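Taking it in order: structure first as structure tokens, then the write-up.
The sequence lines fix the lettering, A, B, ..., with proteins before strands; numbering per chain opens at 1. Hydrogens, waters and symmetry mates are skipped; everything else that's a heavy atom, side chains included, is used. Note that the structure is a prediction, hence the values are computed from the model and not measured.
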2 protein chains.
Amino acid sequence: MPGTRRRSNTERRDESQARILDSAEALFAARGFNGVSVKDIAKAAQVDTSLVHYYFASKAGLFTAVLRRHAPRVNQTRMDSMAAYARSAGTQMTVEGVLRAYLEPAFRLAREGGESEQNYMTLIAQISVLTSDALPGVDTTAFDPAIEAFISMLQQVRPEASREDLYWFYHLLTGAITQSWARTGRIDRLSGGLCRSDDFDTIVEKTVAVFAHGLTVGETPR
Amino acid sequence: MPGTRRRSNTERRDESQARILDSAEALFAARGFNGVSVKDIAKAAQVDTSLVHYYFASKAGLFTAVLRRHAPRVNQTRMDSMAAYARSAGTQMTVEGVLRAYLEPAFRLAREGGESEQNYMTLIAQISVLTSDALPGVDTTAFDPAIEAFISMLQQVRPEASREDLYWFYHLLTGAITQSWARTGRIDRLSGGLCRSDDFDTIVEKTVAVFAHGLTVGETPR
DNA sequence: ACGGATGGATTGACCGATCAGTCTATGGCG
DNA sequence: CGCCATAGACTGATCGGTCAATCCATCCGT
């Protein structure tokens, strides 16, 4: 039979797990953790509900697995991007450059990756505004290393800025970013189509533009 | 019996509705729409589940009612605040002033209001990153008038800025704001207690500081 | 090269609990 | 008395999760 090779057990295992994760990711992103049932996910993945529990033990375990799947890649790409920038810029580092190095990887992943990566970003956006008791014991520390590196680089470029200001700066930045990842289409409607919430290239540009000036210390402009 | 006056039917009605709305608001804010059952809400409000349906027809209807309850007040306070600023500043309006006039009312409401208002802000933060199919036909246009007024005032202060840039500016700003309203405590943990996510006074200051510079047009700083 | 035996992958049937929502009854205010 | 606010009992559907049975790729003894 051409095309349909016989699959080994480990292949079957990986494929099924990936299908479950893909379906879960898409559905969780669309309707939230409690808006989706295990049955929904199993049906979308064309698998029995028991198999979901077989692999991921519980609905919460599945959710955690979804969140963990791409986290290391995002974190690593960010670290690499910032390290590469630091190497190329040397002592000429700018806030704009650091911002761009930190921002681009995740947005590039969302743009060049498939639906899976886009759904993942949407999911991150959703949990970013949730407190822990709205979620099953979810670990939100996966991105912390890159965040700390980001703040350290900002401190290098702006030695006069206080640690507190840098954290607030990050807080505001990450709010803006996650809002963009959510792709709600609200800015599209508000602007009458002038802005498109899925235009990630433009979003990175505008984010860099606004926040690069935002860390400027000194006189408030006119 | 001192203190417990005899209640009329309309008083009972209003009190019960308010109790249901309060409980729903708190629970929805804590666990999201699908994370809460009508039974939970009824129990918290100390009423029967059928009473919830009697007043609000459905769970979705209740959710909509919760969202609508404070919306006009927030919107109106924003409009008043911006109008007052425009009157006092005359031709001396600044980006910083407009920002502060737009931002302060909602944060003041959250600070000076009770738990209800704080829960309301948390709820707004949550739905701001949700697409329409994750929600029961919820109307998110309640704040549009104040938003349009805000953008118009920005345009007055920055006539050279493009309409598109102003909308992107608003997009980034509202992301930062809703992140703050969510009070997830994540920045507290990241900063090692240096920043407190419920310190709304500081948040307004930092937001104004960052975004006032952000709309500056011209050369990117070092 | 072959034919059980083994064990992981997968399923269908089913569990008690809980869901949103309905129906009917009733008690007390106007 | 009449009506509205409220409660209790209940419905069919669906929830997350379990269990024993089945499927099938792989391995081993011959």
Side-chain angles (χ1 to χ4, degrees), chain A residues 1 3-25 27-28 30-67 133-138, chain B residues 1 4-28 30-67 133-138:
Chain A
M1 210 182 288
T4 61
R5 236 187 71 253
R6 179 137 71 212
R7 295 172 307 167
S8 73
N9 253 355
T10 60
E11 278 174 338
R12 278 153 51 91
R13 176 192 175 91
D14 289 348
E15 284 179 25
S16 293
Q17 286 194 4
R19 275 217 317 284
I20 294 172
L21 285 172
D22 283 341
S23 303
E25 195 173 56
L27 287 169
F28 282 145
R31 310 208 296 262
F33 179 77
N34 288 302
V36 182
S37 72
V38 176
K39 277 194 169 92
D40 291 339
I41 296 168
K43 190 189 293 182
Q46 290 176 295
V47 145
D48 194 88
T49 63
S50 313
L51 199 61
V52 176
H53 289 101
Y54 177 67
Y55 282 129
F56 304 103
S58 69
K59 188 185 179 184
L62 172 60
F63 192 74
T64 300
V66 168
L67 286 183
D133 55 345
L135 258 16
V138 173
Chain B
M1 209 181 288
T4 61
R5 239 187 67 253
R6 182 139 66 210
R7 295 171 307 166
S8 72
N9 253 356
T10 61
E11 277 174 338
R12 280 153 54 87
R13 176 193 176 91
D14 290 349
E15 283 178 24
S16 293
Q17 286 194 6
R19 275 217 317 283
I20 294 172
L21 285 172
D22 283 340
S23 303
E25 195 173 57
L27 287 169
F28 282 145
R31 310 209 298 261
F33 179 77
N34 287 302
V36 181
S37 72
V38 176
K39 226 172 246 178
D40 292 338
I41 295 168
K43 189 188 293 180
Q46 291 177 292
V47 297
D48 193 87
T49 63
S50 48
L51 198 61
V52 176
H53 289 101
Y54 176 67
Y55 283 128
F56 303 102
S58 69
K59 187 185 179 184
L62 172 59
F63 191 73
T64 301
V66 168
L67 286 183
D133 55 345
L135 259 17
V138 173

Query raised in the report: How long is the gap from CG on L51(B) to CD on Q17(B), to the nearest 0.5 Å?
Result: 8.5 Å
Query raised in the report: Over how many whole Å does the gap from K59(B) atom NZ to dT18(C) atom P extend?
Result: 15 Å
Report task. Using five pairs at either end of the helix from dA1(C)-dT30(D) to dG30(C)-dC1(D), determine the angle between the two local helix axes and round it to 10 degrees. Result -> 0°
Query - Closest non-hydrogen atom pair, Y55(B) against S16(B) - result: CE1-CB, 4.2 Å
Query raised in the report: Could you state the NZ-P distance from K43(B) to dG8(D), rounded to the nearest angstrom?
Result: 14 Å
Report task. Quick one: closest heavy-atom pair of R19(A) and Q46(A), and the distance? Result -> NH2-O, 3.6 Å
**Report entry** Plane angle bin for F28(A) and F63(A) - parallel if under 30°, tilted between 30 and 60°, otherwise perpendicular
**Finding:** perpendicular
Query raised in the report: Please give, in whole Å, the distance from dA5(D) P to R19(B) CZ?
Result: 14 Å
Report task. List the atom of V36(A), the atom of G32(A), and the distance in Å for their closest heavy-atom pair. Result -> CG2-O, 3.4 Å
Query - R31(A) vs N34(B), side-chain contact (heavy atoms from CB on, under 4.5 Å): CA-CA, chis, key distance, verdict - result: CA-CA 9 Å; R31(A) 310 208 296 262; N34(B) 287 302; 5.7 Å; no
Report task. With the side chain counted from C-beta on, respond yes when F56(A) and L21(A) share a heavy-atom pair under 4.5 Å apart, and no when they do not. Result -> yes
Query raised in the report: Starting at CZ of F33(A) and ending at C1' of dC15(D), how long is that distance when rounded to a whole Å?
Result: 12 Å
Query raised in the report: Looking only at heavy atoms, what is the nearest atom pair of A44(B) and L27(B), with distance?
Result: CB-CD1, 4.1 Å
**Report entry** Heavy-atom side-chain contact between L62(B) and H53(B) under 4.5 Å
**Finding:** no
Report summary line: Rounded to whole Å, CZ of F63(B) lies from C1' of dA20(C) at a distance of 16 Å
**Report entry** Closest non-hydrogen atom pair, A24(A) against V66(A)
**Finding:** CB-CG2, 3.9 Å
**Report entry** Side-chain touch K59(A)/V52(A), heavy atoms, less than 4.5 angstrom
**Finding:** no
Query raised in the report: Do any of residues 34-41 of chain B sit with a heavy atom less than 4.0 Å from DNA chain C, and if so which?
Result: V36(B), S37(B), V38(B), K39(B)
Report task. Please report, rounded to the nearest Å, how far the P atom of dC4(D) is from the CD atom of Q17(B). Result -> 14 Å
Query - Atom-pair distance (CD on E15(B); P on dG28(C)), nearest Å - result: 17 Å
Report task. Taking only heavy atoms on the protein side, list every residue of residues 49-57 of chain B lying under 4.0 Å from any atom of DNA chain C, sorted numerically. Result -> T49(B), S50(B), H53(B)
